[in-house]
Amino acid sequence: MPLELFNTLSGKVEPVYASDGANVRMYCCGPTVYDYGHIGNFRTFLHVDALRRVLAMLGHSVRHVMNVTDVDDKIIRNAGAAGQPIDVYTKKFTDAFFEDSDALGVERPEAIAMATENIDGMVALIERLAAQDIAYKAEGGSWYFRIAKFPEYGKLSKKDFEGIEDGARVDVDEYDKDAARDFALWKATRPGETGWDTPLGAGRPGWHIECSAMAMKYLGDSFDLHAGGEDLMFPHHENEIAQSESATHQPFARHWFHVRFLLVEGRKMSKSDGNFYTLRDLLLKGYRASAIRFLLLSVPYRHQLNFTFDGLTESTNAIDRLRTFHTRVRDGKWAEGTDPALALAIHEGDLAYTHALCSDLNTAEARAAIFDVLRAVNTAADKGTLLRAEAEATLTLLAKFDSVFAVLEDRDAELTRAALAWAQREDREADASLVATLSLSDEDIDKLVAARTLAKKQRNFAKADALRQELLDKGIVLEDSKDGVRWKRK
RNA sequence: GCACCGAUGGCGAAGUGGCUAACGCGCUGGUCUGCAAAACCAGUAUUCAUGGGUUCAAAUCCCAUUCGGUGCUCCA
């Protein structure tokens with residue numbers, strides 16, 4: 001079954017495939033490392049992660065490249081304010097970005113392209129454009145792209161620039177450009193700023209040329225898919241197309257994948273509204289990394305997602321149910337045999353799951369298919385009719401589910417501990433009850449649980465209940481089953 | 001202002017012309033349990049923002065209105 005995705009360029013849902021017959025070559029615009037990533041950033045990276053994981057699930061080999069923008073105006077400004085060289089400043093946030101990505105289960109792309117390590121390629125591309133008189137140097141020493149030379153400009157964002165008067169909205173300061181919409185390829189260095197001495201003159205690359213140069217370096221002039229947040233469609237991606245296709249006279253990326261923005265508690269996320277959250281903020285409030293991943297992934301990428309704390313609680317509970325179920329099927333003792341009706345239900349769940357993901361990455365429907373199977377198998381297990389064959393089929397399906405959603409393995413306590421350690425180093429506040437819960441080690445908990453089990457055996461229920469309450473107060477929930485006592489952190 | 005997208009139960013959300021409107025969370029009752037928890041069972045929208053229209057048939061198509069969001073400028 002092919003994966004079909006909406007293509008912004010064509011406006012249609014189309015199959016994704018490897019045009020070179022070997023790898024699906026995809027490029028995703030990565031972070032600009034001037035601050036910690038927020039959950040809006042990660043929504044995009046999480047859906048690109050789901051995309052690459054679905055491709056892998058379907059048997060494709062993927063070559064995924066992501067850039068890191070480690071030089072731009074904001075970085076230069078912030079590094080200057082912090083009194084740091086830009087490479088020191090950006091390293092901190094680059095490292096933080098990958099730590100956060102790991103915490104959220106985002107797989108590493110096959111290649112990470114750092115802007116500052118690819119200046120040569122950008123200069124070469126600009127020179128190639130200059131040879132065709134598409135790039136030109138303006139009075140201040142900066143280079144611009146001559147949009148008039150690319151008649152298809154606007155084909156991605158479906159903008160019609162006919163009738164837009166040149167100069168109609170031009171800033172007074174920008175008289176050195178030939179036309180108002182012409183965008184910067186190379187920005188001349190101003191005194192005291194970071195720059196590179198190149199045949200173009202001293203300066204630094206514009207943001208758009210970075211992605212064009214690096215995508216083509218790693219993936220070739222023409223490749224399969226280009227991804228990013230919806231805001232990048234214009235002007236960033238439009239400009240990438242203009243630059244690349246002007247240079248190569250070939251289609252740049254065939255398929256364009258754009259992830260919509262999220263809202264937080266029904267409002268646009270913004271620092272001034274106080275609803276701006278980084279991953280670290282949420283971990284320190286006591287929310288789990290897995291719940292954040294699951295919530296951000298549960299709403300399909302083409303829909304706006306309203307991120308709420310209630311939603312996070314919902315996701316936490318849903319994951320608990322999935323994990324409990326997984327453990328139950330994996331660790332239970334199931335008699336030999338098979339039950340055709342249940343086998344069929346699992347098979348149909350598998351088909352529905354795969355079909356949903358292939359249908360424009362419908363993660364909500366895929367999730368629903370798994371819960372249908374969960375209920376059917378739990379019912380059978382309760383009735384004593386779950387047999388070995390179906391238990392194994394269920395585990396296989398769960399593994400397939402987790403190859404995309406990646407929430408079954410519980411790394412949450414460990415990740416939250418890491419966030420707490422970071423908060424301590426950086427002198428940031430963390431939720432007090434969270435600190436208390438995590439201060440209790442697994443060994444301490446096991447001891448208390450054992451004491452309670454002993455009290456229970458002696459039918460000293462008052463003492464047993466007191467111990468259970470003590471654990472609950474510290475965020476530990478107990479579950480008694482025939483196979484013994486399980487505990488988990490709330 | 002111009003352009004585009006969305007509005008489905010208490011909450012999140014699937015479904016884009018045709019069976020009783022998925023699924024998750026929550027809530028209520030039951031089973032199980034020393035009591036809980038977990039799990040299961042039953043119940044929880046006669047109805048899909050509002051008004052009109054097309055059709056044998058609409059949550060799904062068309063028009064209008066209201067509300068929310070986005071782009072046009074740095075932004076995932």
Side-chain angles (χ1 to χ4, degrees), chain A residues 11 28-32 34-35 37-48 72-74 77 154 157-161 163-164 169 171 181 207 227-236 238 258-263 266-270 294-296 298-325 327-328 349 352 356 359 362-383 456 459-462 464-465 468-469 471-472 476-482 485-488 490:
Chain A
C28 174
C29 292
T32 301
Y34 65 92
D35 203 348
H38 59 253
I39 53 174
N41 296 121
F42 284 110
R43 184 187 194 204
T44 299
F45 298 122
L46 243 8
H47 280 273
V48 172
D72 86 329
D73 296 348
K74 214 177 288 186
R77 197 181 59 218
S157 52
K158 315 282 182 269
K159 286 182 192 304
D160 182 6
F161 293 101
I164 293 182
R169 347 181 23 206
D171 294 349
R181 291 215 163 253
W207 175 39
E230 63 169 331
D231 58 309
L232 299 187
M233 210 162 90
F234 185 89
H236 184 54
E238 200 72 70
H258 290 108
V259 180
R260 290 205 71 180
F261 268 25
L262 57 72
L263 303 180
R267 312 211 45 197
K268 186 179 175 172
M269 180 165 68
S270 80
F294 203 48
L295 174 59
L296 292 177
S298 290
V299 177
Y301 77 97
R302 274 219 280 160
H303 294 276
Q304 203 163 51
L305 155 68
N306 185 12
F307 186 93
T308 63
F309 291 106
D310 286 350
L312 230 28
T313 304
E314 185 265 347
S315 290
T316 305
N317 294 342
I319 290 173
D320 272 342
R321 189 168 169 213
L322 284 164
R323 286 179 179 167
T324 303
F325 173 67
T327 309
R328 179 184 197 187
S359 306
N362 192 335
T363 46
E365 212 170 277
R367 204 185 112 145
I370 295 303
F371 275 101
D372 279 333
V373 171
L374 178 150
R375 197 163 6 80
V377 172
N378 257 335
T379 301
D382 274 12
K383 280 197 302 196
K456 220 173 74 149
R459 305 196 66 79
N460 185 351
F461 294 122
D465 289 351
R468 183 168 66 192
Q469 187 59 45
L471 283 160
L472 184 63
I476 310 299
V477 182
L478 301 193
E479 288 173 25
D480 294 340
S481 76
K482 287 133 227 136
V485 185
R486 276 198 301 267
W487 63 263
K488 64 185 182 195
K490 202 162 48 176

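Both backbone and side-chain heavy atoms feed into the values below; hydrogens, waters and symmetry mates do not.
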Touch class at under 4.0 angstrom, heavy-atom based, for V259(A) against every strand present: nothing
Touch class at under 4.0 angstrom, heavy-atom based, for L263(A) against every strand present: sugar-phosphate
Side-chain donor/acceptor contact of [X] with base of [N] under 3.5 Å:
{"X": "D465(A)", "N": "G34(B)", "value": "yes"}
{"X": "R181(A)", "N": "C72(B)", "value": "no"}
{"X": "R468(A)", "N": "A37(B)", "value": "no"}

Using atom [atom1] of [X] as one end and atom [atom2] of [N] as the other, report the distance to the nearest whole Å.
{"X": "D320(A)", "N": "A38(B)", "atom1": "CG", "atom2": "P", "answer": "9 Å"}
{"X": "L312(A)", "N": "C25(B)", "atom1": "CG", "atom2": "C1'", "answer": "13 Å"}
{"X": "F325(A)", "N": "C25(B)", "atom1": "CZ", "atom2": "C1'", "answer": "18 Å"}
{"X": "H38(A)", "N": "C74(B)", "atom1": "NE2", "atom2": "C1'", "answer": "13 Å"}
{"X": "M269(A)", "N": "C75(B)", "atom1": "CE", "atom2": "C1'", "answer": "10 Å"}
{"X": "I476(A)", "N": "A37(B)", "atom1": "CD1", "atom2": "P", "answer": "18 Å"}
{"X": "M233(A)", "N": "U73(B)", "atom1": "CE", "atom2": "P", "answer": "14 Å"}
{"X": "W207(A)", "N": "U73(B)", "atom1": "CH2", "atom2": "P", "answer": "13 Å"}

Do [X] side-chain atoms and [Y] backbone N/O form a donor-acceptor pair below 3.5 Å?
{"X": "H47(A)", "Y": "R302(A)", "result": "no"}
{"X": "R43(A)", "Y": "R260(A)", "result": "yes"}
{"X": "N41(A)", "Y": "H38(A)", "result": "yes"}
{"X": "E479(A)", "Y": "R486(A)", "result": "no"}

Pi stacking test for F42(A) and A76(B): under 5.5 Å apart, planes under 30°: no
Verify stack between F461(A) ring and G34(B) base, 5.5 Å, 30 degrees: yes
Under 3.5 Å for both donor-acceptor distances, Watson-Crick or wobble: does [N] have a partner, and if so which one?
{"N": "U54(B)", "value": "none"}
{"N": "C48(B)", "value": "none"}
{"N": "C2(B)", "value": "G71(B)"}
{"N": "A38(B)", "value": "none"}
{"N": "C25(B)", "value": "G10(B)"}

Distance check, [atom1] atoms only: [N] and [M], in whole angstrom units.
{"N": "A22(B)", "M": "C48(B)", "atom1": "P", "result": "15 Å"}
{"N": "U73(B)", "M": "C11(B)", "atom1": "C1'", "result": "36 Å"}
{"N": "G12(B)", "M": "G53(B)", "atom1": "P", "result": "31 Å"}
{"N": "G26(B)", "M": "A21(B)", "atom1": "P", "result": "25 Å"}
{"N": "A3(B)", "M": "U16(B)", "atom1": "P", "result": "29 Å"}
{"N": "U8(B)", "M": "U54(B)", "atom1": "P", "result": "27 Å"}
{"N": "U46(B)", "M": "G10(B)", "atom1": "P", "result": "9 Å"}
{"N": "G71(B)", "M": "C25(B)", "atom1": "C1'", "result": "34 Å"}

Under 4.0 angstrom between T379(A) side-chain N/O and C41(B) OP1 or OP2: yes
G24(B) phosphate, OP1 or OP2, under 4.0 Å from N317(A) side-chain N/O: no
Residues R367(A) and E314(A) bridged, charged N to O under 4.0 Å: yes
Would you check if [X] and [Y] make a side-chain contact, meaning some heavy-atom pair closer than 4.5 Å?
{"X": "I370(A)", "Y": "L322(A)", "answer": "yes"}
{"X": "L262(A)", "Y": "L296(A)", "answer": "yes"}
{"X": "K488(A)", "Y": "D320(A)", "answer": "yes"}

Contacts of type side-chain contact (heavy atoms from CB on, under 4.5 Å), residue S359(A), not counting sequence neighbours: H355(A)
Most 5' of E230(A) and K456(A) on RNA chain B, judged by nearest nucleotide: K456(A)
Toward the 5' end of RNA chain B, by each residue's nearest nucleotide, R328(A) or G228(A): R328(A)
Reading 5' to 3' through nucleotides 11-23 of chain B, protein heavy-atom contacts under 4.0 Å coded B for base, S for sugar-phosphate only, - for none: --SSS------BS
Whether H236(A) and W207(A) hold their rings parallel, tilted or perpendicular, with breakpoints at 30° and 60°: parallel
